[in-house]
Amino acid sequence: HKMTALFIYAHRGASAEAPENTLAAFRRALDAGTEGIELDVHLSRDGVPFIIHDETLERTTDGSGTVSQATAEVLRTLDAGSWFDPDFAGEPLPTLEAALHLLAGRLRINIEIKDARAGMAVLDLLRQFPQADAVVSSFNHGLLALLRRVAPDLPLAVLQDAGDWHRALARAESLRACAFHPHVDLVNRPLLAACRRLQLPVFPWTVDDPGRAPDVA
């Protein structure tokens with residue numbers, strides 16, 4: 001991709017129109033013709049990758065406690081839609097496997113790993129979906145380094161939310177990352193120039209105002 005080209009990810013799916021990180025939100029993003037979908041992964045107590053942003057269940061499901069302390073059997077029973085709108089009552093908390101069945105081969109999937117324990121489980125699952133155009137991203141740069149050691153060709157993206165972007169960019173270079181994902185407030189001309197020198201695409205998050213997109217491209 002050229003450094004000046006715009007590529008739009010649907011953040012947690014079409015999360016303004018459907019409950020975030022659900023298959024309903026992903027289907028709406030597909031219908032809208034989005035180029036990619038960003039989603040977040042945590043691991044259940046018994047090692048199954050589920051798609052949810054928070055470590056805890058209360059905000060986006062009718063469950064309670066942490067994702068990591070719940071079994072997959074319990075997580076599969078949760079309602080992940082009613083909090084958003086009664087029309088989505090009964091929308092399940094999706095597994096990453098279910099999302100890959102829906103999305104693989106149709107668009108790019110940015111899998112943000114929230115829980116470091118989930119790294120190898122995500123990698124194992126991706127190997128079952130060779131048609132998936134997937135990028136694994138994380139704020140945990142040590143986890144990305146581990147994934148690079150065991151999967152030399154896995155597309156990785158370095159996330160950075162604050163602080164010294166120079167150090168994060170150096171880590172991206174050492175990891176042979178396919179992209180750098182800084183918070184939009186970190187984006188400035190020096191950062192863009194440095195990424196251009198490295199031929200490293202920049203995907204700022206989260207740009208909800210279309211009028212602002214050219215300023216960070």
Side-chain angles (χ1 to χ4, degrees), residues 9-15 17-30 37-107 109-151 154-157 159:
Y9 280 109
H11 189 233
R12 308 178 197 171
S15 52
E17 300 178 5
E20 65 177 57
N21 276 328
T22 62
L23 297 185
F26 301 155
R27 291 190 186 100
R28 293 213 176 188
L30 282 170
I37 285 176
E38 184 268 355
L39 54 82
D40 307 284
V41 170
H42 284 281
L43 211 59
S44 70
R45 190 172 76 191
D46 45 347
V48 177
F50 276 81
I51 301 174
I52 183 171
H53 178 271
D54 299 358
E55 294 180 0
T56 53
L57 296 163
E58 285 84 355
R59 183 176 67 85
T60 57
T61 79
D62 61 348
S64 60
T66 61
V67 181
S68 63
Q69 290 302 308
T71 63
E73 182 179 9
V74 169
L75 293 174
R76 291 178 196 275
T77 68
L78 299 182
D79 179 344
S82 292
W83 68 273
F84 183 86
D85 189 282
D87 288 345
F88 291 97
E91 181 69 28
L93 187 68
T95 62
L96 178 59
E97 182 176 11
L100 289 172
H101 275 294
L102 174 66
L103 302 173
R106 303 180 72 178
L107 42 59
I109 311 164
N110 174 9
I111 303 171
E112 182 183 342
I113 299 182
K114 294 290 188 182
D115 177 356
R117 298 183 312 125
M120 294 308 298
V122 168
L123 180 59
D124 289 343
L125 197 53
L126 284 175
R127 286 170 172 159
Q128 299 175 37
F129 291 85
Q131 75 276 30
D133 179 9
V135 177
V136 174
S137 62
S138 184
F139 290 102
N140 186 331
H141 302 168
L143 168 63
L144 294 178
L146 171 63
L147 291 174
R148 172 56 71 233
R149 288 195 293 273
V150 298
L154 179 67
L156 299 176
L159 275 159

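Note that the structure is a prediction, hence the values are computed from the model and not measured. Because only heavy atoms are used, hydrogens play no part in the values below, and waters and symmetry mates are left out as well, while side chains stay in.
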A.B. asks: Answer whether the closest heavy-atom distance between the side chains of Ile52 and Asn21 falls below 4.5 Å.
C.D. replies: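 In short, these two side chains do not touch, never coming nearer than 4.5 Å.
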
A.B. asks: Heavy atoms, side chains only, cut-off 4.5 Å: are Leu43 and Val67 in contact?
C.D. replies: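 A side-chain contact under 4.5 Å is absent here.
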
A.B. asks: Is there side-chain contact between Leu96 and Leu126, with heavy atoms separated by less than 4.5 Å?
C.D. replies: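 A side-chain contact is absent here, since even the closest heavy-atom pair is not under 4.5 Å.
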
A.B. asks: If you count heavy atoms of other groups shown closer than 6.0 angstrom to CD of Glu73, is the number above 12?
C.D. replies: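 Atom CD in Glu73 is not crowded, with 12 or fewer foreign heavy atoms closer than 6.0 Å.
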
A.B. asks: How long is the span from the CG atom in Asp40 to the OG atom in Ser138, to the nearest 0.5 Å?
C.D. replies: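 Reported to 0.5 Å precision, the distance equals 10.5 Å.
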
A.B. asks: Check for a donor-acceptor pair, side chain of Asp79 on one end and backbone N or O of Thr61 on the other, with a separation under 3.5 Å.
C.D. replies: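 Not confirmed, Asp79 side chain does not pair with Thr61 backbone.
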
A.B. asks: Could you report the tightest heavy-atom contact between Pro19 and Ala80, atom names first, then the distance?
C.D. replies: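 Nearest heavy atoms, Pro19 then Ala80: CB-O, 3.4 Å.
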
A.B. asks: Can you name the nearest heavy-atom pair linking Ser137 to Leu144, along with the distance?
C.D. replies: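 Of all heavy-atom pairs spanning Ser137 and Leu144, the closest is C-CD2, 4.4 Å.
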
A.B. asks: Are Glu38 and Ile111 close enough that some pair of their side-chain heavy atoms sits under 4.5 Å apart?
C.D. replies: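 No. Closest side-chain heavy atoms not under 4.5 Å.
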
A.B. asks: Using the rule given for side-chain contact (heavy atoms from CB on, under 4.5 Å), can you reason through Val122 versus Val41, listing the C-alpha separation, both sets of side-chain angles and the distance that settles it, and then say yes or no?
C.D. replies: CA-CA 8 Å; Val122 168; Val41 170; 4.0 Å; yes

A.B. asks: Mind checking the CG-OG spacing from Leu93 to Ser44? Nearest 0.5 Å is all I need.
C.D. replies: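 Leu93 CG to Ser44 OG: 10.0 Å, rounded to 0.5 Å.
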
A.B. asks: Tell me, do Val48 and Leu75 make a side-chain contact under 4.5 Å, heavy atoms counted?
C.D. replies: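 They are not in contact (no side-chain heavy atoms under 4.5 Å apart), so the answer is no.
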
A.B. asks: Check whether any side-chain heavy atom of Ile113 lies under 4.5 Å from a side-chain heavy atom of Asn140, and answer yes or no.
C.D. replies: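 No. Closest side-chain heavy atoms not under 4.5 Å.
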
A.B. asks: For Phe26, give me all partners under ring pair (Phe, Tyr, Trp, His ring centres under 6.0 Å), at least two apart in sequence or on another chain.
C.D. replies: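 Scan of Phe26 (ring pair (Phe, Tyr, Trp, His ring centres under 6.0 Å), adjacent residues dropped) gives none.
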
A.B. asks: Could you report the tightest heavy-atom contact between Pro49 and Gly47, atom names first, then the distance?
C.D. replies: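 Shortest heavy-atom contact: CD-O, 3.7 Å.
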
A.B. asks: Using side-chain heavy atoms (C-beta onward) and a distance below 4.5 Å, is Glu20 in contact with Trp83?
C.D. replies: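 They are in contact (side-chain heavy atoms under 4.5 Å apart), so the answer is yes.
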
A.B. asks: Just how far is it from atom OG of Ser64 to atom CD of Glu58, taken to the nearest 0.5 Å?
C.D. replies: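 Reported to 0.5 Å precision, the distance equals 5.5 Å.
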
A.B. asks: Hey, could you give me the CZ/OG distance between Arg28 and Ser15, rounded to the nearest 0.5 Å?
C.D. replies: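 So the CZ of Arg28 and the OG of Ser15 are separated by 12.0 Å.
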
A.B. asks: Looking at CG of Leu103 and CD1 of Ile37, how far apart are the two atoms once the value is rounded to the nearest 0.5 Å?
C.D. replies: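 Taking CG in Leu103 and CD1 in Ile37, the distance rounds to 4.5 Å.
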
A.B. asks: Going by atom types alone, do Asp54 and Thr56 pair a side-chain donor with an acceptor below 3.5 Å?
C.D. replies: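 No - no donor-acceptor pair under 3.5 Å links their side chains.
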
A.B. asks: Check the pair Glu55, Asp115 against side-chain contact (heavy atoms from CB on, under 4.5 Å), reporting the backbone distance first and the verdict last.
C.D. replies: CA-CA 8 Å; Glu55 294 180 0; Asp115 177 356; over 6 Å; no

A.B. asks: What are the two closest non-hydrogen atoms of Leu143 and Gly119, and how far apart are they?
C.D. replies: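 Taking Leu143 first and Gly119 second, the nearest heavy atoms are CD1-CA, 4.0 Å.
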
A.B. asks: Are the side chain of Arg148 and the backbone N or O of Leu154 linked by a donor-acceptor pair below 3.5 Å?
C.D. replies: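 Yes, the answer is positive, given that a donor and an acceptor are paired below the 3.5 Å cut-off.
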
A.B. asks: Can you tell me how far CD of Glu91 sits from CG of Leu78, rounded to the nearest 0.5 angstrom?
C.D. replies: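 Atom-to-atom, Leu78:CG and Glu91:CD are 12.5 Å apart.
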
A.B. asks: Please lay out, stage by stage, how Arg76 and Thr95 fare under the test side-chain contact (heavy atoms from CB on, under 4.5 Å).
C.D. replies: CA-CA 8 Å; Arg76 291 178 196 275; Thr95 62; 3.6 Å; yes

A.B. asks: Do you know the tightest heavy-atom contact between Phe129 and Glu97?
C.D. replies: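 Scanning both residues completely, I find the closest heavy atoms to be CZ-O, 4.0 Å.
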
A.B. asks: Heavy-atom distance under 4.5 Å between the side chains of Val74 and Arg45, does that happen here?
C.D. replies: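 Side chain of Val74 against side chain of Arg45, heavy atoms only: no contact under 4.5 Å found.
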
A.B. asks: Take His11 and His53, measure what side-chain contact (heavy atoms from CB on, under 4.5 Å) needs, and give me the verdict at the end.
C.D. replies: CA-CA 11 Å; His11 189 233; His53 178 271; 5.9 Å; no

A.B. asks: Which pairs with one or both residues in residues 127-142 pass salt bridge (charged side-chain N to carboxylate O under 4.0 Å, His left out), sequence neighbours excluded?
C.D. replies: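 The answer is Arg108-Asp133, Asp124-Arg127.
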
A.B. asks: Indicate yes or no for a side-chain donor-acceptor contact from His141 to the backbone of Leu159 under 3.5 Å, with no hydrogens or angles considered.
C.D. replies: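 Present.
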
A.B. asks: Might you point out which heavy atoms bring Glu112 and Phe139 nearest each other, and give the distance in Å?
C.D. replies: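 Heavy atoms only, the tightest pair is OE2-CE1, 3.3 Å.
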
